[in-house]
Amino acid sequence: MASIEFVHVTKSFDKHVVIKDLNLKIEDGKFTVLVGPSGCGKTTLMRMIAGLDPQTSGSVLIGGKDVSRVAPGQRGVAMVFQNYAIYPTMSVRENIEFGLKNNKVPKEERTRLVESISATVGLQDYLDRKPATLSGGQRQRVALARAMVKKPSVFLMDEPLSNLDAKLRVQMRVELIEMHKKLGTTFVYVTHDQVEAMSMADTIVLMNQGQIQQEAPPETIYHLPSNLFAAQFIGVPPMNVGDLGEDGVKFGFRPENAVLSAEPGDNHFSVRGIIVTREMLGSETIYQVRSARHSFMVKCTEDLFTVDQEVCLGVKPDKMFFFGADGKRIERDDARFDGYMKALRGLSHE
Amino acid sequence: MRYISELRPVERTLGFVLKAVVLAVFVFPFLWMVSTSLQTFQETLAFPPTWIPAAPQWINFAEAMSAGPFLTYARNSVTVTLSVIALQLIVMIPAAYAFAKYKFAGKKALFAMVLLAFMIPGQVTFIPVYLMLADWGIIDTLLPQIIPFMSSAFGIFLLRQYFMQIPQEIIESARLDNASEFAIIRKIMIPMSMPALATIALFSFVSHWNDYFWPLVMTDSAGVRPLTMGIAVLRETEGISNWHIIMAGNVVLVVPILLVYAIASKHIVKAFVYSGIK
């Protein structure tokens, strides 16, 4: 078990700087998810932890020790790749055993470890099979077993679920949470899927363009996004955002925090609009409401409206967010907050 | 792609005829060689040609082999060919691995040199090579038949292409499993490229087993000459060509190639249809 620390880390490929002067501490034993759009630098960060593409400058610490000059195989980390990277000419057993053999683990112990790990992931009947004869889910388990058997202090996972079908992905998500609980090891997980991040993480590290946008538990990142990017990246559909028309400030609210009604209610923010699309998802329905100046997504638990119907959309004041011209969220105790709240009232009923 | 059973009868017949023609063109010389090797001297001169000898003359083989130090020739051929293949693999595998998977200064220039070596025919370089080897004092031994072929540009090129298809993640995964670069080559790259290695080894075997020009230039004495030269000697012994004896020698020369091909063909077919696992 170990914490991971990035200290003033910069990474460039050729002359292109991908990550500049980044500082981050990943706590010991936590499930940390690095999430962001493609090209944001999340995989680069992970590969620096593994030592596959070491940093250009700065240092990376694992368990308090600077590993900048330590080879990948000596760092005590295990990695699960998106395409599993199973050795195709080796049997399942040989795949799981390979790292142990390289680490000179005696044969009896190796056999014992392989048997127990393969039972944990449900591969005990496939030990002598070649990877080509396994299904996607089984290959995924081989990759997990291969990582687990080394008892690493850090688990790295690079989009390990993206090659699985939707149903298996949901199942594996739960299994990974259980696995983390059982092992108690530091997990670092890279994904571009915010649902995976929200569902599994103890801490989410949200990245964009090589910079950390927010580092917080899922609840915090959802309810108190630090900036416009966080507000719009996390949540399905993302937060609705509109121009306040003052100081370049934007207002925003979550789709599930808007209330639709046939008649105007007494909500602080209230606009009239027409329902343009309706997506019935079973337990909830998502409407797209177009008003004179904006288009908003609204998530309702009841399916009461139809397309082309005119409705009133209302949001309570405590569900409203404001973002400054720099994109940062304006806190409730900020001196400007009440002023923007008043200005929002003026936008209503347009 | 359509299966043969889906073709119309006319197409199927036409296809069969074409294949038969191609087969005949390639197989006929071999069959004639085998037939001639079993004929008497009179039969070889008869017109119209004798297709099937009246009584197979197995003695032709004994005669071919007793015309010179046949066992020495065979031993030289085997030694030279196997040494060349072994050395080529030792040089080629790490070189192809470096070209396929490493980033290093001068990689492009070095690879361009490999391609250049691939394109220059031996006839252009044999004089300077001869002079160099003569300088070393090793002309008329087995060494000049081996040393210039320690590396194969064609092999490096083909193997590099093959190595490039092996996903980087598999190698990275092995590095995280604490495997040395040598272990990665031995336990991952080589087993994954057996089809390519078999193909390269076979090509190399055929070209060196059949080589006549190079040993002709580099050797003088029978003691260090290969089979190809021994068989050429059969031709010049008596002024008239004893075709039945020459062909018997040729059969002996060709049989090992057919045997090696039979063993390697399973892998070679795979080399061309290999798609890997997703």
Side-chain angles (χ1 to χ4, degrees), chain A residues 13-14 43 46-47 49-54 70-91 94-105 129-136 138-139 142-143 146-147 149-150 152 154-160 163, chain B residues 89 93 96-98 100-108 159 161-201 264 266-278:
Chain A
F13 290 104
D14 297 325
T43 301
M46 172 168 280
R47 293 173 64 84
I49 301 173
L52 294 171
D53 277 322
V70 179
Q74 310 277 347
R75 292 188 176 198
V77 303
M79 188 158 167
V80 177
F81 291 86
Q82 181 176 353
N83 61 6
Y84 320 137
I86 296 171
Y87 314 126
T89 53
M90 299 186 198
S91 68
E94 289 166 327
N95 260 282
I96 301 175
E97 232 179 13
F98 189 62
L100 299 176
K101 271 189 180 164
N102 292 328
N103 289 332
K104 310 267 186 295
V105 176
R129 296 262 288 265
K130 282 281 164 66
T133 67
L134 300 180
S135 70
Q138 287 166 335
R139 287 180 202 174
V142 175
R146 195 173 62 180
V149 80
K150 292 189 289 181
V154 174
F155 257 99
L156 305 175
M157 302 192 204
D158 188 4
E159 310 219 8
N163 281 9
Chain B
L89 290 175
I93 293 170
Y97 181 57
K101 296 295 182 189
Y102 283 6
K103 279 184 200 156
F104 54 89
K107 175 171 155 174
K108 274 190 184 161
L159 198 57
Q161 299 303 107
Y162 207 80
F163 279 175
M164 278 165 60
Q165 289 174 22
I166 294 176
Q168 189 62 23
E169 287 90 343
I170 288 184
I171 294 164
E172 288 174 348
S173 203
R175 288 195 183 130
L176 282 163
D177 270 345
N178 206 13
S180 64
E181 292 303 291
F182 181 68
I184 291 173
I185 291 179
R186 202 163 61 86
K187 295 187 175 161
I188 292 169
M189 303 308 278
I190 292 179
M192 284 185 77
S193 0
M194 278 319 277
L197 290 170
T199 309
I200 293 165
K266 203 180 78 187
H267 287 301
I268 289 164
V269 172
K270 251 197 229 160
F272 293 103
V273 296
Y274 185 78
S275 57
I277 64 166
K278 271 197 280 183

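Below, chain A is the first sequence line, B the second, and so on; all start at residue 1.
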- [ ] Starting at CD1 of Ile170(B), measure out to OG1 of Thr89(A) and round the result to the nearest 0.5 Å.
- [x] 8.5 Å
Task: Nearest-0.5 Å distance, CG of residue Asp14(A) to NZ of residue Lys103(B) - done: 7.0 Å
Open item on the list: Is Ala50(A) in contact with chain B via its backbone, its side chain, both, or neither, using a 4.5 Å heavy-atom distance?
Closed with: both
Open item on the list: If I measure from the heavy atoms of chain B, does Arg47(A) come under 4.5 Å with its side chain, its backbone, both, or neither?
Closed with: side chain
- [ ] Measure the shortest side-chain to side-chain distance between Phe81(A) and Glu172(B) over non-hydrogen atoms and say whether it is less than 4.5 angstrom.
- [x] yes
- [ ] Run the salt-bridge test on Lys101(A) and Asp177(B) with the 4.0 Å N-O cut-off and return the result as yes or no.
- [x] no
Task: Electrostatic pair Lys187(B):Glu94(A) at N-O distance under 4.0 angstrom - done: no
- [ ] Please indicate whether Phe13(A) has more than 12 foreign heavy atoms, meaning atoms of other residues, nucleotides or ligands, lying under 6.0 Å from its CZ.
- [x] yes
Task: Interface residue of largest heavy-atom contact number with chain A, from Ile166(B), Ile188(B), Leu176(B), under 4.5 Å - done: Leu176(B)
- [ ] Name the member of Ser180(B), Ser173(B), Pro167(B), Ala179(B) that forms the most heavy-atom pairs with chain A at distances under 4.5 Å.
- [x] Ser173(B)
Open item on the list: Minimum heavy-atom separation for Phe98(A) and Ala174(B), please, with both atom names.
Closed with: CE2-CB, 4.0 Å
